[in-house]
Amino acid sequence: MTSSLDQRQWFTIGLLIVIVAAMRLFPHPDNITPVGALGLFAGALLPGRAAWLLPIGALLLSDAIGGFYALPAMVLVYLGFAGGAVIGRLFLSRERSLSRLAGSVLCSALFFFLVSNFSAWMLYYPPTWSGLIECYVSAIPYFGRSLFGDALYTALLFSAYAFFERHHAASARLAP
């Protein structure tokens with residue numbers, strides 16, 4: 001992808017933000033949303049700051065509609081999802097394979113788990129080592145759901161992208 005985005009690409013970014021925000025607002029199992037996958041996808045494919053725009057934009061839009069929450073938690077949740085864009089940039093922007101995708105999903109979900117649950121510890125648990133451990137242990141079921149959601153939506157996003165890229169390339173070859 002080039003270093004600047006054209007009008008069609010900005011439209012696609014806006015559309016993805018709206019779709020992911022809507023999916024976050026509709027009823028869904030805890031922590032099974034496309035936000036983490038969107039960060040990986042954006043980091044892999046978009047230049048510069050545009051990669052941050054997708055997950056952060058989707059979070060802001062859905063939180064503006066569904067309600068904001070404790071600022072320390074929001075900041076760390078947003079940071080956790082923005083980490084996915086960094087991981088996507090580092091591991092998926094030049095080369096994508098099944099093993100790179102799987103490793104990136106695992107790293108992204110783990111980063112989100114560590115960062116977002118740190119805020120839960122600060123807000124809801126005793127400020128002790130045992131409180132921190134209790135917080136992370138009690139969040140393990142949510143990690144499994146986040147990992148599942150990230151894997152599912154990463155597979156869907158990258159598969160759809162590959163399909164449309166092939167379709168676009170085939171159409172370009174057939175055009176007069």
Side-chain angles (χ1 to χ4, degrees), residues 1-94 96 100-120 139 142-162 164-165:
M1 181 155 295
T2 64
S3 62
S4 64
L5 301 173
D6 63 28
Q7 188 174 9
R8 181 182 56 92
Q9 291 165 318
W10 279 114
F11 174 78
T12 302
I13 289 171
L15 184 62
L16 282 170
I17 287 172
V18 170
I19 290 169
V20 170
M23 291 179 77
R24 195 166 173 244
L25 292 170
F26 292 136
H28 58 277
D30 286 342
N31 288 39
I32 299 179
T33 70
V35 181
L38 188 61
L40 287 172
F41 184 77
L45 298 172
L46 295 177
R49 294 186 190 125
W52 305 92
L53 180 62
L54 261 76
I56 300 304
L59 289 168
L60 278 172
L61 179 60
S62 60
D63 285 341
I65 295 167
F68 292 105
Y69 45 99
L71 187 60
M74 275 185 53
V75 167
L76 290 174
V77 165
Y78 282 45
L79 177 65
F81 280 125
V86 173
I87 291 165
R89 173 75 41 83
L90 291 173
F91 298 109
L92 300 172
S93 63
R94 291 185 189 94
R96 285 181 287 285
R100 281 181 171 267
L101 283 167
S104 296
V105 165
L106 181 60
C107 287
S108 180
L110 186 58
F111 182 78
F112 178 77
F113 174 82
L114 293 172
V115 171
S116 65
N117 284 298
F118 189 79
S119 72
Y142 296 99
F143 173 72
R145 292 183 209 137
S146 291
L147 184 59
F148 173 77
D150 289 356
L152 171 68
Y153 287 112
T154 296
L156 289 172
L157 281 170
F158 281 97
S159 295
Y161 177 77
F164 288 118
E165 284 293 302

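Bear in mind that the values here come from a model prediction, so they are computed numbers and not experimental data.
Contacts classified as salt bridge (charged side-chain N to carboxylate O under 4.0 Å, His left out) and involving residues 71-87 (residues at least two apart or in different chains) are not found. Evaluation of the salt bridge (charged side-chain N to carboxylate O under 4.0 Å, His left out) test over residues 106-117, restricted to residues two or more places apart or in two chains, returns none. For residues 32-48, no pair satisfies salt bridge (charged side-chain N to carboxylate O under 4.0 Å, His left out), with sequence neighbours left out. Each side-chain hydrogen bond (donor to acceptor under 3.5 Å, both in side chains) pair with one or both residues in residues 44-63, not counting sequence neighbours, appears once here: R24-S62, R24-D63, D63-Y78. Within the structure, side-chain hydrogen bond (donor to acceptor under 3.5 Å, both in side chains) contacts touching residues 147-158 (residues at least two apart or in different chains) do not occur. For residues 75-88, no pair satisfies salt bridge (charged side-chain N to carboxylate O under 4.0 Å, His left out), with sequence neighbours left out.
Looking at residues two or more places apart in sequence or on another chain, you find a side chain to side chain contact (heavy atoms under 4.5 Å, CB included) between A70 and P72, A73, L123. Partners of F158 by ring pair (Phe, Tyr, Trp, His ring centres under 6.0 Å), not counting sequence neighbours, listed by chain and number: F41. Not counting sequence neighbours, the partners of L15 by the side chain to side chain contact (heavy atoms under 4.5 Å, CB included) test are F11, I19. A search for salt bridge (Lys or Arg N to Asp or Glu O under 4.0 Å) contacts involving R89 returns nothing, not counting sequence neighbours. Residues satisfying the side chain to side chain contact (heavy atoms under 4.5 Å, CB included) test with Y142, not counting sequence neighbours, are D30, N31, R145.
For CZ of F68, the number of neighbouring non-hydrogen atoms (other residues, nucleotides, ligands) closer than 6.0 Å is greater than 12.
Across all their heavy atoms, P55 and G39 have their closest contact at CG-CA, 3.9 Å. Nearest heavy atoms, M23 versus P34: SD-CG, 3.9 Å. Of all the heavy atoms in A51 and A85, the pair that sits closest is O-CB, 3.8 Å. The shortest heavy-atom contact between L61 and A21 is CD2-CB, 3.7 Å.
How far CG of L60 is from CD1 of I65: 11.0 Å, rounded to the nearest 0.5 Å.
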Take L101 and L92 through the test side chain to side chain contact (heavy atoms under 4.5 Å, CB included) and record every step on the way to the result.
-> CA-CA 7 Å; L101 283 167; L92 300 172; 3.8 Å; yes
Mind running side chain to side chain contact (heavy atoms under 4.5 Å, CB included) on L40 and F91 for me, showing each step along the way?
-> CA-CA 9 Å; L40 287 172; F91 298 109; over 6 Å; no
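With L38 as reference, L54 is the one residue of I56, L59, L54 to meet the side-chain contact (heavy atoms from CB on, under 4.5 Å) rule.
In this structure, L79 and M74 have side chains that are not in contact, with every pair of non-hydrogen atoms separated by 4.5 Å or more.
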Result block: side-chain N/O donor-acceptor pairs under 3.5 angstrom for residues 102-118, not counting sequence neighbours:
residue: S104; atom: OG; partner: R100; partner atom: O; Å: 2.8
residue: S116; atom: OG; partner: F112; partner atom: O; Å: 2.7
residue: N117; atom: ND2; partner: F113; partner atom: O; Å: 2.9

